[in-house]
Amino acid sequence: MLRRPTLIASGLTVVLLAAGCTATPDEPAPEAGLAAFHEQEIQFGACASYATSPADEQLFDDERFDCARVEVPLNYEEPDGARGEVALLRVPARGDKIGSLLVNPGGPGASGMVFAAALVDAWAASEVGERFDIVGFDTRGVGASTPAVDCYSDEETDRNEPPWPYLLSVTSQEEAEEVAERCVEGTGGVEELTSVGSADVVQDMDVLRAVLGDDELSYLGYSYGSELAAMYAEAYPQNVRAIVIDGAVDPELSEPALRQSQFTAFQKAFDGMAALCAEQDDCPLGTDPGGASAEFRELVAPLRDEPAPTSGGRALTYEDALQAMTLSLLSSGQWPALVEGLAGLADGDGTGLLTLHDLLLGRGADGRYGSTLDMDANLATRCMDNPRTPAEQDDLLRHARDAAPFMALGLPEDGSVYECAGWPEPVSRDIPWTTGDVDVPPTLTVSVTGDPGTPHQGGINLAERLGGSLLTVEGAQHGVALYGGSECVDEIVTDYLVDLRTPPEGARCTL
């Protein structure tokens, strides 16, 4: 649900291919020095060896899809230098194939391979899955791709040591430098760690397009994936066939301003959840929605000194409870389980909330975190994408206290420092990450009115900048296209991807 700004070269350079002839008009020519990467032969096989956790091993043991790795330059300015690998998972088209549909589930740090595999039943039942090879890829730094970002162990993650982006918990420059140092050491060096910005990912996407045999890119990007979509459109406009964006990051906001809008939206979602809860006589947040934030703070405050016991033996900390809350607010479908977990906590049992926490962060029963959302990669990508000044950090902290009172208990009292303040290299993309100066075929942006992760205005603004269509969806959810249970949304998205038919102006659906 997070962010990322911008781009790479202003255009593609026509070069001679290895065979000694120029590219045909139907075959986009690679940039200078990249022909070998565009022309590599991709070898698909079983996915078992691509799993990075026991949960992934079980998910990837399925003959309905296959996996491969594609080599990319570690540094696109030095294509003859060190290399990385982008791992991808393909669900082959069942019928008359249009091409590949590249999918990114957001984050940054979310695994496209896990996403594509987890939705294999949905692809099998849809026309999109009939007409496209669905290709989920792990962006560099994530899952089975290399370099692999490694900052914190699973045990340290259990102790809540990684800086959670909504707690603003780094309080000194020294702490920020310690975060960077451990990421450099765990990832294998400065060059490896700083190669995972979105500007590099966008160039990887064009290599994938070419290696998969597509003259033009068809792409579906959720949340942070919207930034990759817009950046790709500006970098490679002539290579675009179709772009669907679901849950757009607002291109008109700076990263700190985006964070401020998220705090506001999270509180709105919390209030909606509290109002539904208040309809129950035994609501753990009370029967007055207006007092629910204070009730929540009172409920979780003791966890700061004494974590709550659970049936599994591991205790629920304050940070665990807040992460379970914020992540559950991303979808109204998760609110009943959230209320049940809060009720359990009110009775002294943290099991329900810790179960939600582990589910949403991909923690397995063995204590290992999978690549559903790799928080180390999330941190590293954010640090290579988004600058933030000390003044902006102070403004963000003040706004967070006022805008999201349910979260205020965990925010530092004496100020904080941006967790990326000690990063070894400056950001690697332009800010703003899209200018709107782009000429591409019609795009489709899906935007949910009550989305707390990427507030609705961002969808309006990004659709306008891309000159594309906007589908407004009434509801409270972060991400909906092709898996959110809306026939209305799925029909419009399918018509666009398959037939390039955009909805009429003012099109709306309701969840």
Would a 4.5 Å heavy-atom cut-off, applied to side chains only, mark [X] and [Y] as touching?
{"X": "Arg508", "Y": "Leu471", "answer": "no"}
{"X": "Gln40", "Y": "Val207", "answer": "yes"}
{"X": "Tyr418", "Y": "Leu168", "answer": "no"}
{"X": "Leu360", "Y": "Gln323", "answer": "no"}
{"X": "Cys420", "Y": "Arg388", "answer": "no"}
{"X": "Cys383", "Y": "Leu379", "answer": "yes"}
{"X": "Leu89", "Y": "Phe115", "answer": "no"}
{"X": "Leu322", "Y": "Phe406", "answer": "yes"}

One thing to verify: whether Arg64 and Asp121 come together as a salt bridge, which I'm taking to mean a side-chain N less than 4.0 angstrom from a carboxylate O. yes
Can any side-chain N or O of [X] pair as donor or acceptor with the backbone N or O of [Y] at less than 3.5 Å?
{"X": "Tyr76", "Y": "Leu34", "result": "no"}
{"X": "Ser226", "Y": "Val249", "result": "yes"}
{"X": "Glu234", "Y": "Gly436", "result": "yes"}
{"X": "Tyr166", "Y": "Gln262", "result": "no"}
{"X": "Asp214", "Y": "Glu216", "result": "no"}
{"X": "Asp138", "Y": "Met113", "result": "yes"}
{"X": "Arg94", "Y": "Glu127", "result": "no"}
{"X": "Tyr496", "Y": "Ile243", "result": "yes"}
{"X": "Asp246", "Y": "Val480", "result": "yes"}

Taking atom types as modelled and ignoring hydrogens, do the side chains of [X] and [Y] form a donor-acceptor contact shorter than 3.5 angstrom?
{"X": "Arg382", "Y": "Asn378", "result": "yes"}
{"X": "Asp56", "Y": "Tyr50", "result": "no"}
{"X": "Tyr232", "Y": "Asp206", "result": "yes"}
{"X": "Thr449", "Y": "His456", "result": "no"}
{"X": "Glu192", "Y": "Thr187", "result": "no"}
{"X": "Ser198", "Y": "Tyr224", "result": "yes"}

For the [atom1] atom of [X] and the [atom2] atom of [Y], what is their distance to the nearest 0.5 Å?
{"X": "Ser469", "Y": "Ile245", "atom1": "OG", "atom2": "CD1", "answer": "11.5 Å"}
{"X": "Leu88", "Y": "Ile134", "atom1": "CG", "atom2": "CD1", "answer": "13.0 Å"}
{"X": "Leu444", "Y": "Leu466", "atom1": "CG", "atom2": "CG", "answer": "11.0 Å"}
{"X": "Thr443", "Y": "Arg465", "atom1": "OG1", "atom2": "CZ", "answer": "13.5 Å"}
{"X": "Asp200", "Y": "Arg140", "atom1": "CG", "atom2": "CZ", "answer": "4.5 Å"}
{"X": "Leu276", "Y": "Leu338", "atom1": "CG", "atom2": "CG", "answer": "11.0 Å"}

For [X], does the [atom1] atom sit with more than 12 other heavy atoms under 6.0 Å from it, leaving out its own atoms?
{"X": "Gln58", "atom1": "CD", "result": "no"}
{"X": "Asp499", "atom1": "CG", "result": "yes"}
{"X": "Glu340", "atom1": "CD", "result": "no"}

Tyr219 six-ring centre to Arg209 NZ/CZ under 6.0 Å and within 45° of normal: no
Audit row: Ser486, Val473, side chain to side chain contact (heavy atoms under 4.5 Å, CB included) steps and yes/no: CA-CA 10 Å; Ser486 170; Val473 183; 5.5 Å; no
Heavy-atom pair with the smallest gap, counting every atom of [X] and [Y]:
{"X": "Ala233", "Y": "Val440", "value": "O-CG1, 3.8 Å"}
{"X": "Val493", "Y": "Ala481", "value": "CG2-CB, 4.1 Å"}
{"X": "Pro452", "Y": "Leu329", "value": "CG-O, 3.4 Å"}
{"X": "Leu212", "Y": "Phe44", "value": "CD2-CZ, 4.1 Å"}
{"X": "Arg69", "Y": "Ser49", "value": "NH2-O, 4.2 Å"}
{"X": "Ser111", "Y": "Pro105", "value": "O-CG, 3.6 Å"}

Check the orientation of His357 and Tyr369. Use parallel for under 30°, tilted for 30 to 60°, and perpendicular for over 60°.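 The arrangement is perpendicular - the two ring planes meet at more than 60°.
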Could you please spell out the steps behind the side chain to side chain contact (heavy atoms under 4.5 Å, CB included) verdict for Thr139 and Thr381? CA-CA 10 Å; Thr139 56; Thr381 304; 5.7 Å; no
In Ser126, Ser100, Ser218, the residue satisfying side chain to side chain contact (heavy atoms under 4.5 Å, CB included) with Phe132 is Ser218
